[in-house]
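Just so you know, these numbers come straight off a predicted model, no measurement behind them. Chain naming here is simple, since letters A, B, ... match the order of the sequence lines and numbering starts at 1 in each.
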There are 2 protein chains.
Amino acid sequence: MFDSCFVARLKRYLDLTPSEREAIAGLERDPKIYPAGTVLWTEGDDVTELMIVHQGWALSETRLTSGRRQILRFHFSGDMIGASGIAFRDAPSSIVAATDMTVCRFPRQALGETFAAHPRLAALFFSISQMESIDLSDRLRSLGRSDGKARLANLFLSISARMRAVTGEHNPVVRIPLTQTDLGDAVGLTQVHVNRLIRQMTEEKLITRNRATVTLVDEAGLVDLARFIDRFGTLDSSWFPPANT
Amino acid sequence: MFDSCFVARLKRYLDLTPSEREAIAGLERDPKIYPAGTVLWTEGDDVTELMIVHQGWALSETRLTSGRRQILRFHFSGDMIGASGIAFRDAPSSIVAATDMTVCRFPRQALGETFAAHPRLAALFFSISQMESIDLSDRLRSLGRSDGKARLANLFLSISARMRAVTGEHNPVVRIPLTQTDLGDAVGLTQVHVNRLIRQMTEEKLITRNRATVTLVDEAGLVDLARFIDRFGTLDSSWFPPANT
DNA sequence: CGCCACTTTGACTGGGATCAATCGCTGTGG
DNA sequence: CCACAGCGATTGATCCCAGTCAAAGTGGCG
């Protein structure tokens, strides 16, 4: 059995009991490898499984009938994906591998069983779901009420903050395996305009970008520009029910 | 004891057992009345309670330091609000009463107890949380990748769809107690531009608006314009654990 | 070595912002 | 019953951020 990324993620939030740990690890079995570009599923598919990212990046996206694309969220190691398709059966967005990745799939029922056996984990999953909503809300504010430069700054900072939460280390150099087109589709700008903004931000000594490597040269300046709020505090588990066993 | 809006809402999704029903109704006690404009709580407050909307409209909003406002979501009868503040303690957004409203508050702990006693309700709450994420994703796509007219059309349609889900009736006349400024803050436009767009849409016989009353004159045209997806299907509860009692 | 995906740059256009008045309704107090 | 205040809606003039179209540059890889 290999190390469970999901356990690694969740135990940052909560001191897991052995049986909780086992239940979570049980969801992350039978890893499969997908090359970059693989479409894990497509908007509208009837999805009955959830996935946990072991390694690599995925992104969820939707397309308008005009062909325009909006990237909704990025998924890293330890993230559970597919939960958004759990309410209705149809996947509301497509999931695409941005890099080569390793993923474990498990059926929905397993989540139900976990909820029944471990109410504290149910509360934890609920909280994580709420964190996702907060993340989406922050993106919404960014798209609705700030200009292109601030949106990009926000994107870089939020990716950096999430990576930091995964790896535990604070590094101004962030690997962001996205093209300028991808960046644009994430923040609602065109590729051409993203290019110009990146050049401007480079001139202003805010960032540096070289292929997939982005360096946050002046992080304080970026935070100020983006009015970024790093919400990665500790999770409040005070209301959780007691753990089973 | 008065009728629980929360029970009314949830039983649309799931055939509730008597004890589940009781647990839910228990969360909706001691209703309080707030006049329109009341700030129920402010961004950053340490919130330890959740609320259920009994009557009226609330909206959640954030402000940038520049003073600009982004409306994130609307809350109607039967909605639970405050869940987004449950992960961390600080409320990520303010909640403001858009009309006079009746609201019930309950402590977070009660949610934890419900999770422990009724795993099936935990699964239901999780699903509802995911529906919220989907709603936010749809708004994100709208703001990121469509023009002002489509954004407004989308807003009107999604409010109409949600109202319909609450009231059960399909009526082209929708009461939307928002000013043009509010509409702009919801879709990322200025009040002035909202005004012009509404005039245009009226000329094109798509809608009619008079104060708080919006009429969807050509609903098909709006759906087409907004590329709107009405996701209000039935909830998939096939993966839920069995009900207790 | 040549293709292909990505980036860079320029010229022009347009949707929506900004600034600034004016209008109209409604509630309130003299 | 009227005057006035205040909020929201309407409208015009002007500006600018970002989109569009188009072409050339760069670098990795088969």
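- For B:Phe74, the ring pair (Phe, Tyr, Trp, His ring centres under 6.0 Å) partners two or more places apart in sequence, or in a different chain, are B:Trp57.
- By the side-chain hydrogen bond (donor to acceptor under 3.5 Å, both in side chains) test, A:Arg12 pairs with no residue at all, sequence neighbours left out.
- In this structure, A:Thr62 has no side-chain hydrogen bond (donor to acceptor under 3.5 Å, both in side chains) partners at least two apart in sequence or on a different chain.
- Looking at residues two or more places apart in sequence or on another chain, you find a side-chain contact (heavy atoms from CB on, under 4.5 Å) between A:Gln55 and A:Thr102.
- The ring pair (Phe, Tyr, Trp, His ring centres under 6.0 Å) check on A:Phe228 picks up nothing, with sequence neighbours excluded.
- Every residue two or more places apart in sequence or in another chain that forms a salt bridge (Lys or Arg N to Asp or Glu O under 4.0 Å) with B:Glu203 is listed here: B:Arg199.
- For the helix from C:dC1-D:dG30 to C:dG30-D:dC1, the angle separating the two terminal helix axes comes to 30°, with each axis derived from five pairs and the value rounded to 10°.
- Under the salt bridge (charged side-chain N to carboxylate O under 4.0 Å, His left out) criterion, the residue pairs touching residues 217-228 of chain A are A:Arg164-A:Glu219, with sequence neighbours excluded.
- Contacts classified as salt bridge (charged side-chain N to carboxylate O under 4.0 Å, His left out) and involving residues 91-100 of chain A (residues at least two apart or in different chains) are not found.
- Residue pairs that meet the side chain to side chain donor-acceptor pair (under 3.5 Å) test with at least one member in residues 31-41 of chain B, sequence neighbours left out, are B:Tyr34-B:Arg105.
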For this session: For each nucleotide in nucleotides 4-18 of chain C, reading 5' to 3', give B when a protein heavy atom comes within less than 4.0 Å of its base, S when such contact involves only the sugar-phosphate, and - otherwise.
Result: --SSBBBB----BSB

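- A 4.0 Å heavy-atom criterion places the boundary nucleotides of DNA chain D facing chain B at D:dG8 to D:dA13, written 5' to 3'.
- In this structure, A:Arg29 forms no cation-pi arrangement with A:Phe106, as its terminal cationic atom is not both closer than 6.0 Å to the ring centre and no more than 45° off the ring axis.
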